[in-house]
Each structure stands twice: as C-alpha cells, then as structure tokens.
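Worksheet: the structure to be examined is printed underneath.
All values below were derived from every heavy atom in this structure, side-chain atoms included, with hydrogens, water molecules and symmetry-related copies excluded. The chains referred to below are lettered A, B, ... by the order of the sequence lines, with proteins before strands, and numbering in each begins at 1.
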There are 2 protein chains.
Amino acid sequence: MTHPPISALTTHLGYWLRMVSNQVSLGFAKKLATMDVTVAEWVVMRELYDVETLAPSRLAERMGMTRGAISKLADRLLAKALIARDASPDDGRAQTLALTEAGRKLVPQLAALADANDADYFGHLPPTERQMLEAVLKTVAERRDIRTIPVE
Amino acid sequence: MTHPPISALTTHLGYWLRMVSNQVSLGFAKKLATMDVTVAEWVVMRELYDVETLAPSRLAERMGMTRGAISKLADRLLAKALIARDASPDDGRAQTLALTEAGRKLVPQLAALADANDADYFGHLPPTERQMLEAVLKTVAERRDIRTIPVE
DNA sequence: TCGATATTGTTTCCTAGTCAACTATCTTTC
DNA sequence: GAAAGATAGTTGACTAGGAAACAATATCGA
C-alpha cells in the first residue's frame, strides 16, 4: 500500500517565493491598515501621485485588475475623500482620477510605511544578497515579460 | 507646486518579490484549473497524501487559514469526491480528513503540474542563481519564523 | 455620413476568503 | 463529579476581486 513518491511542496522555488511574499505583503497590509488604507488603495494613490491625472482603464492595465475592480476601488477611495473623479474633458466616455489634497498629503506617509516594511523583512540581508535577489527577480520578470504592478 | 519626492514602488524588494510571485502563482493556478482544482485544494490534497489522515484544524494551522475557510474548502473537495470526511474515533468534536482513491490518484498528476510550473518560471536560471534565490528566501523565512504553507 | 465596431465605465452574479457568534464536546479544577 | 473554561467545526454577514453583460460614447470604413 505504498504510493508513488512525488516531490514535496518545499522543493519548488515558487513555494518559497510565495511563502515569503505573502508574509511581506501581509506585514505591509497591516502597516497600511493603521492608516485605514489597503494595498490596492495604496498603489492607486502612489500611481496618481506622479501623474496628476489618470484614467481608470489605464490604472486597470497597469495594476492588472479588471475595470470593474477599479471602478469599485475608486468608489472606496472617493468615499474616503482621498481621490476625485471627474468627467474627461475630451472623451464623453472617460473619466479622470486625481488625488485630493488630503490624498496627496497622505502618500508620503504611506511611502514611509513601504520603506519600513522592506527594511523589516530585508534590512538584515547583506547588500550583496539584496542586490542578487533583486537582480534575479528582475531577470525572471523580464524573461516572462511581467509588467503589472502587484497588488493583491 | 512640487510635491515631496518619495521612493518609487520599484525600489522595494517586496515589489519585485510580489510581482514575480503573483505571476508564478497565477501560472500554477491556470495549470491546476485545467484539472478543475484550485491552489488551496491542491495544498490540502498534497498534505493529505503524506499522512493518511489529518484534522481540519491541523490543516488550518499549517496553511495559515481560518477553520471556517478549511470547513468550506473541505466541503468543496468533498463535493468533488476527492476527500472523505469522517468523525474522529477518539474525540467527539473532531473529524478526520483523508484522500479518496480518486483524490490519491490525482495528486501525482497535480504534482507534475507543480514541477512544470517551477520549470516554466525558474528553469532558465543557472543553478547557482537558483540556489542563491532559494537560500536567501529561506533565510528570510527563517529569520521571521515564517512557517505556514502559502496558499492564496 | 452613417452603420458597424471598439472602448469606457458600471453593474450583477459568483467565488473564496475573514471574523465572530454559535453548538457540541472535551478537559481542568475545585 | 459538576462547573468553568478550552477546543472543534459550522454558519452567517461581510469583503474584494473576476467574468460577463450592459449603456453610452467614439471611431472607422464603405
């Protein structure tokens, strides 16, 4: 009554990647939660910080989410008065999203949390290892043409 | 009307980690979907493969999910006749979960998909880089005492 | 120029989790 | 040995996302 031997979960690089990634993201989510912000909300705000104005569908592409999800996400940020939603001046279908003053003031604080989180999890690594890790991850992303901003 | 300069998303190691991890997991999820299995279901089945029998609450601990989630997950696997759920012989509150024959036959096929997915994303890396990546990830996991099997 | 097609954003239905309350049992403590 | 507390599993309310259908508007092609 033996069964075919198969590889353990832990033999996969994807296992370790996800295990660490989940915890890092969870840690970040908890930090953001103290400011009543989710990771997805943070990404939207960070994107808007640089560009003044952005269409929801662009955001959907960049974040690898559906337009439906962005629609609801924008609703939530609107309810918190962190972004503004306006009709596009040159396209009757389109909208523009932009940070409110309150939203813009919040972004640097959230960015500090992101910095802190990275330090929490990777700060102890020797610079060589950090660079190596970053380089390898970028290699994989490059090779598979991965571009969307990770949210979830 | 300039705004405080803040770090870009891409300066964080966590960003790259999650970006790659998300895609690797997505790729795996798609492979599993061809067999009508989710990642969470796969993990449950893989855990049961080694142990003959396991209590839902042990599974919850190992997978870092709530007992409620495991309860529903077990319902789904039960509906697919991949696992069996029985009352524990020695504890009136407890249950035992076990693979059915169909479930047990499926596991090696799913394991092959896991192997293939890892090869898809990391196969092109030189052995040195693979080992380095694995070692660094394990270091971080170890240091933060991360143990739960990543699912989501 | 007008009909076909594409794009934008919203909405509804579905899924898979969390959280917290609940029931049923088991264990501890006096 | 009974009361108090802990533990096992389930359930219901809620959340955040995806998929697909939809209405409104733009664009393209004959």
Side-chain angles (χ1 to χ4, degrees), chain A residues 18 22-23 25-26 28-30 32-33 36-45 53-80 83-98 148-152, chain B residues 18 22-23 25-30 32-33 36-45 53-80 82-98 148-152:
Chain A
R18 176 133 295 255
N22 278 351
Q23 294 298 317
S25 289
L26 194 62
F28 186 36
K30 281 181 183 167
L32 286 177
D36 196 31
V37 169
T38 68
V39 174
E41 289 166 3
W42 150 250
V43 172
V44 169
M45 295 177 69
T53 226
L54 199 55
S57 46
R58 294 310 119 244
L59 222 31
E61 286 167 7
R62 292 179 63 81
M63 297 175 66
M65 291 172 61
T66 63
R67 290 180 328 233
I70 297 291
S71 185
K72 297 164 196 170
L73 188 41
D75 286 345
R76 296 195 292 271
L77 282 163
L78 218 64
K80 295 186 197 171
I83 68 169
R85 176 157 60 188
D86 289 295
S88 163
D90 35 60
D91 187 332
R93 299 164 299 180
Q95 302 176 344
T96 65
L97 300 181
T148 59
I149 303 170
V151 173
E152 155 232 355
Chain B
R18 176 132 295 254
N22 277 352
Q23 296 296 320
S25 289
L26 194 60
F28 185 37
K30 281 181 181 165
L32 287 177
D36 194 32
V37 168
T38 68
V39 175
E41 289 165 3
W42 150 250
V43 172
V44 168
M45 294 177 70
T53 227
L54 199 55
S57 48
R58 292 312 120 245
L59 223 30
E61 287 166 6
R62 291 180 64 80
M63 298 175 63
M65 292 174 59
T66 62
R67 291 182 329 238
I70 297 291
S71 185
K72 295 165 193 170
L73 186 43
D75 286 345
R76 297 195 293 272
L77 283 164
L78 219 62
K80 295 185 196 171
L82 294 172
I83 67 169
R85 177 158 58 189
D86 289 295
S88 163
D90 34 60
D91 186 333
R93 301 163 299 180
Q95 302 176 344
T96 66
L97 300 180
T148 59
I149 302 170
V151 175
E152 155 230 358

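- Here the C1' atom of nucleotide C:dG9 and the CG atom of A:Leu54 are 14 Å apart, to the nearest Å.
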Letter per nucleotide, 5' to 3', of nucleotides 13-22 of chain C [B base touched, S only sugar-phosphate touched, - untouched; heavy atoms, 4.0 Å]: ---SBB----
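- Phosphate proximity of C:dT10 to A:Arg85: present, with a side-chain N or O under 4.0 Å from OP1 or OP2.
- Between A:Gln23 and B:Thr148 there is a side-chain heavy-atom pair separated by less than 4.5 Å.
- In plain terms, the two heavy atoms of A:Ile83 and A:Leu97 that are nearest each other are CD1-CD2, 4.3 Å.
- The closest side-chain heavy-atom distance from B:Leu32 to B:Glu41 is not below 4.5 Å.
- Which of C:dT10, D:dA8, D:dT25 sits closest to the side chain of B:Arg58 comes down to D:dA8.
- The side chain of A:Ser57 contributes an N or O atom lying less than 4.0 Å from OP1 or OP2 of C:dG9.
- What you find for A:Ala40 and A:Met63 is that their closest heavy atoms are O-CE, 3.7 Å.
- Per the geometry, CG belonging to A:Leu77 stands 11 Å off P belonging to D:dA16, to the nearest Å.
- Closest heavy-atom contact between A:Ile149 and A:Val43: CG2-CG1, 3.7 Å.
- For A:Asp91 and C:dG9, the CG to C1' distance is 11 Å, given to the nearest whole Å.
- Remark: C1' of D:dG17 and CG of B:Asn22 are 13 Å apart, rounded to the nearest angstrom.
- A rotation axis mapping the C1' atoms of four pairs onto the next four is fitted at both ends of the helix from C:dT1-D:dA30 to C:dC30-D:dG1 over five pairs, and the angle between these axes is 10° to 10 degrees.
- Residue B:Thr96 comes nearest to B:Ser88 through the heavy atom pair CG2-CA, 4.1 Å, listed as atom of the first residue, atom of the second, then distance.
- Put simply, CD on A:Glu61 is 10 Å from P on C:dG9, counting in whole angstrom units.
- Heavy atoms from other residues, nucleotides or ligands lying under 6.0 Å from CZ of A:Arg76 number more than 12.
- Rounded to whole Å, atom P of D:dA8 lies 16 Å from atom CZ of B:Arg62.
- The minimum heavy-atom distance between B:Arg85 and B:Ala74, with the atom names listed, is NH1-CB, 3.7 Å.
- The nearest whole Å value for the distance from the CG atom in B:Asp90 to the P atom in C:dT25 is 15 Å.
- For B:Arg93 and D:dA8, the CZ to C1' distance is 6 Å, given to the nearest whole Å.
- Taking both residues in full, the closest heavy atoms of B:Asn22 and A:Pro150 are given as ND2-CB, 3.5 Å, listed atom of the first, atom of the second, then distance.
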